[in-house]
2 protein chains.
Amino acid sequence: MDEQILKFTRAIADDTRQRIMALLCCRWLNVSDIVEQLGGKVKQPTVSHHLKLLEDADLVHVRQEGRQHFYTLNQQRVTFCCGQLMQQFAPDYCDTVINLDAIEVQKNGS
Amino acid sequence: MDEQILKFTRAIADDTRQRIMALLCCRWLNVSDIVEQLGGKVKQPTVSHHLKLLEDADLVHVRQEGRQHFYTLNQQRVTFCCGQLMQQFAPDYCDTVINLDAIEVQKNGS
DNA sequence: TCATTATATTGATAAATATCAATATGTCAA
DNA sequence: TTGACATATTGATATTTATCAATATAATGA
């Protein structure tokens, strides 16, 4: 049982978190911005909670500027974890579909 | 919000289901076999429940022989969904890492 | 220091879900 | 048809977790 994969899949297996991930794809947003972009459907503490989960899974980068915390999606981590998923659960297709050499290995999430 | 991706991620985001998926990778097993391979930690109704979830997500193929139901992992589906995940959440890496042409498009899971 | 702003944490609640015992359904052999 | 076996379904329970209001923490400017 690969704990890394399990942690990754649990982290992304949520509606709200996937929306947040989409927002953080290719740009930096602070928490208030995310709350606003979610259209008021989700309150700030909830967003903070999800960001913490994503951070624990190493799925976001954080940068602090004054009192604002900016987040962005860690696409490299997503890539690595998807590669792991493929190796585990699609070994027969992995070689033809994925260029494993192109996936940079990262530090192990704790 | 991509319902397919959400369904996929939720289906695989579980300890026991990942163990079952690992067992069903590259081979056919019936329900009793799976229960046995899980070492008695999980009872038959629980396994049936998880298999149903995996089937709903189109992540397993089923073949019936008499009273036995044989399952195997649908690696093609895993491949497709990982490709979708990459496109959504790792667009900057997708092109260099994945050969999208090699991913056969499947019927949409209902 | 004090007030303001941004984010995190806490505590509570509701919803989702993983699990199992008991039972039902389906299949086949006698 | 009956009995045995394989799997699915039901109903109940416990755990997990998503969510929010209230509050705490942290940073900044006056």
Rounded interatomic separation in angstrom, taking CG from B:Asp56 and P from C:dA18: 13 Å
Using only modelled atom types and a 3.5 angstrom limit, is any donor from either the side chain of A:Gln44 or the base of C:dA8 paired with an acceptor on the other? yes
B:Leu6 CG - C:dT17 P separation (whole Å): 10 Å
Using a heavy-atom cut-off of under 4.0 Å over every strand shown, decide if B:Ile34 touches base, sugar-phosphate, or nothing. nothing
Could you point out which residue of B:Asp14, B:Val62, B:Leu59 forms a side chain to side chain contact (heavy atoms under 4.5 Å, CB included) with B:Leu54? B:Leu59
Pairwise distance CD(B:Gln44) to NE2(B:His49) - rounded to 0.5 angstrom: 13.0 Å
Measure the distance from CD on A:Gln68 to C1' on D:dT25 and round it to the nearest whole Å. 17 Å
Using the side-chain heavy atoms of B:Pro45, tell me which of these nucleotides is nearest: D:dA8, C:dA6, D:dA22. D:dA8
Just the rounded figure in Å: distance from C1' of D:dA12 to NZ of B:Lys43. 18 Å
Phosphate-side-chain proximity, A:Arg67 and D:dG29, N/O vs OP1/OP2 below 4.0 Å: no
Between B:Val47 and B:Leu53, is there shared hydrophobic-cluster membership here, with clusters defined by ILVMFWY side-chain heavy atoms closer than 4.5 Å? no
B:Gln64 has its side chain closest, among C:dT9, D:dA8, C:dT27, to C:dT27
Of B:Thr46 and A:Thr46, whose closest DNA chain D nucleotide lies nearer the 5' terminus? B:Thr46
For A:Asp15, answer base if it contacts any base atom (sugar-phosphate contacts may also be present), sugar-phosphate if it contacts only those atoms, and nothing otherwise; contact means non-hydrogen atoms under 4.0 Å. nothing
Would B:Lys52 and B:Asp56 pass as an ion pair if we require N to O under 4.0 Å? no
Is the shortest side-chain N/O distance from B:His50 to OP1 or OP2 of C:dT17 below 4.0 Å? no
Choose from D:dT17, D:dA18, C:dA21 the nucleotide whose nearest atom is closest to any side-chain atom of A:Arg10. D:dT17
Taking only N and O in the side chain of A:Thr16, is any of them less than 4.0 Å away from OP1 or OP2 of D:dT19? yes
From CG of B:Leu51 across to P of C:dT19 the rounded distance in Å is 12 Å
Specify the separation, in whole Å, of atom CG of A:Asn30 and atom P of C:dT5. 15 Å
Would one find a side-chain N or O of B:His69 under 4.0 angstrom from OP1 or OP2 of D:dA8? yes
Would you please confirm or rule out a distance under 4.0 Å between OP1 or OP2 of C:dA6 and any side-chain N or O of A:Tyr71? no
When you measure from the side-chain N and O atoms of B:Ser48 to the phosphate of D:dA8, is any distance below 4.0 Å, counting only OP1 and OP2? yes
Please report the distance, rounded to the nearest Å, between NZ in B:Lys52 and P in C:dT17. 13 Å
Out of B:Glu65, B:Arg27, B:His61, which one pairs with B:Phe70 under the side chain to side chain contact (heavy atoms under 4.5 Å, CB included) rule? B:Glu65
Just verifying a value: how many Å separate A:His69 NE2 and A:Ile34 CD1, rounded to the nearest 0.5 Å? 12.0 Å
Just how far, in rounded Å, is P of C:dA18 from NZ of B:Lys41? 19 Å
